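Here is the structure we will look at.
Within every chain, numbering begins at 1; the chains are lettered A, B, ... in the order of the sequence lines, protein sequences first and strands thereafter. For clarity, every value in this text was computed on a predicted model and none was experimentally measured.
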Amino acid sequence: MYDRLLAEYGPQGWWPAETDFEMLVGAVLTQNTTWTNVERALTNMKKADALNAAALRDTDLERLAAMIHPSGYFNAKARKLRALGEFLARYDDDLIRLFRSKPLLELRKELLAVFGIGPETADSMLLYAGGLPIFVIDSYTLRVLDRMRSGGRELKYETAQRLFHRDKGIDPERHYGEFHALIVAHGKDTCRASDPACDQCPVLDMCRTGPRTVA
DNA sequence: GTCCAGGTGCACC
DNA sequence: GGTGCACATGGA
């Protein structure tokens with residue numbers, strides 16, 4: 001699956017951010033939102049010199065919401081960014097210090113306790129900003145995995161994540177970041193949510209309904 | 001007009 | 001532990 005996606009879409013080189021801090025903010029802003037809208041919000045934040053942890057804490061919530069308006073859910077996301085800023089203060093806004101402070105799963109648990117950070121956002125932050133070996137599951141991933149399996153009940157986040165983690169053919173350091181990005185590229189390219197059959201997929205011929213040979 | 005996008009929190013059962 | 005709903009903009 002990885003090889004086919006890479007051959008079709010080429011290296012994605014994720015995450016698209018200039019700094020690790022920008023990555024964290026982008027992870028919150030992109031929740032259920034297109035990346036182009038996130039870019040607009042990030043541009044506004046840069047112009048306002050608000051793309052730093054202190055600004056997330058100090059900027060008026062209303063003003064913060066206005067900046068990130070294009071990314072949707074702006075009131076909710078403004079509160080989430082505030083919570084992120086306050087969380088980072090515990091580590092003196094030092095991301096190196098944060099990601100080196102404790103074992104991966106403890107870090108994950110801590111991130112999940114922050115308002116606005118759920119499983120996908122936490123894992124994205126750990127993988128792309130922290131450089132830690134954890135696979136990111138998103139709606140595209142669940143959709144494609146569900147289609148690869150013959151009916152039955154749908155996968156949950158941690159179950160899907162386990163499938164990637166226990167696959168010895170995938171090297172965490174080399175493949176996790178790129179693999180997730182490729183799945184997103186494929187998800188954007190084809191397999192609309194409203195096409196339950198998805199039997200015309202030109203890239204992944206296992207991405208169809210009906211009997212499967214893939215586990 | 002309808003559907004969808006790199007989810008999450010919360011109230012209910 | 002699961003389900004339903006709110007949160008909101010912008011492009012196809």
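Between the C1' atom of B:dA5 and the NE2 atom of A:H186 lies a distance of 16 Å, rounded to the nearest Å. Atoms CG (A:N37) and C1' (B:dC4) sit 12 Å apart, rounded to a whole Å. Between the CG atom of A:L142 and the C1' atom of B:dA5 there is a distance of 15 Å, rounded to whole Å. Per the geometry, CD belonging to A:E39 stands 14 Å off P belonging to C:dG10, to the nearest Å. Taking atom CD1 of residue A:I137 and atom P of nucleotide B:dG7, one finds them 12 Å apart after rounding to whole Å. Rounded to a whole Å, the CG atom of A:L155 is 13 Å from the P atom of C:dG2. Note: NZ (A:K77) to C1' (C:dC7) measures 9 Å, nearest angstrom. Atom-to-atom, CH2 of A:W35 to P of B:dC4 comes out at 23 Å; the value is rounded to the nearest Å.
Pairing analysis of DNA chain B (Watson-Crick: purine N1 to pyrimidine N3 plus N6-O4 or O6-N4; G-U wobble: N1-O2 and O6-N3; both under 3.5 Å) yields stems of 3 or more pairs at B:2-5 with C:9-12, B:7-13 with C:1-7.
Using a 4.0 Å cutoff on non-hydrogen atoms, the parts of residues 56-75 of chain A near DNA chain C are A:H69, A:P70, A:G72, A:Y73, A:F74, A:N75, ordered by number.
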Expected string for nucleotides 8-13 of chain B under the B/S/- scheme (protein heavy atoms, under 4.0 Å, primed atoms plus P, OP1, OP2 as sugar-phosphate) is SS----
Could you give the side-chain donor-acceptor pairs of residues 163-170 of chain A under 3.5 Å, partners two or more places apart or in another chain?
| unit_1 | atom_1 | unit_2 | atom_2 | d |
| --- | --- | --- | --- | --- |
| A:H165 | NE2 | A:F135 | N | 3.0 |
| A:D167 | OD1 | A:G169 | N | 2.8 |

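Put simply, A:R143 has a side-chain N or O that comes within less than 4.0 Å of OP1 or OP2 on B:dA5. Applying the 4.0 Å criterion to OP1 and OP2 of C:dG2, one finds that A:K156 has a side-chain N or O inside that range.
Under the side-chain contact (heavy atoms from CB on, under 4.5 Å) criterion, A:A122 pairs with A:L111, A:L112, A:I117, sequence neighbours left out. Here A:K188 pairs with nothing under the side chain to side chain donor-acceptor pair (under 3.5 Å) rule; sequence neighbours left out.
Here the CD1 atom belonging to A:I137 is positioned 8.5 Å from the NE2 atom belonging to A:H180, to the nearest 0.5 angstrom.
Taking atom P in both C:dG10 and B:dT8, the straight-line distance is 22 Å, to the nearest Å.
Across every non-hydrogen atom of A:L84 and A:L56, the tightest pair is CD2-CD1, 4.2 Å. In terms of heavy atoms, A:A48 sits closest to A:M67 at CB-SD, 3.6 Å. Considering every non-hydrogen atom in both A:A17 and A:M23, the closest pair reads CB-N, 3.7 Å. Scanning both residues, A:L182 and A:G10, for their nearest heavy atoms gives CD2-O, 3.4 Å. Scanning both residues, A:A89 and A:R57, for their nearest heavy atoms gives CB-NH1, 3.5 Å.
Residue-level contact check: A:T36 touches neither bases nor backbone, having no heavy atom under 4.0 Å from any strand.
No hydrogens or angles considered: a donor-acceptor pair under 3.5 Å links the side chains of A:T33 and A:K77.
Contact of the A:E22 side chain with the A:V25 side chain is not registered, since no non-hydrogen atoms from C-beta on lie closer than 4.5 Å.
Under the ring-ring contact (aromatic ring centres under 6.0 Å, His included) rule, A:Y2 has a single partner from A:Y176, A:Y9, A:F179, which is A:F179.
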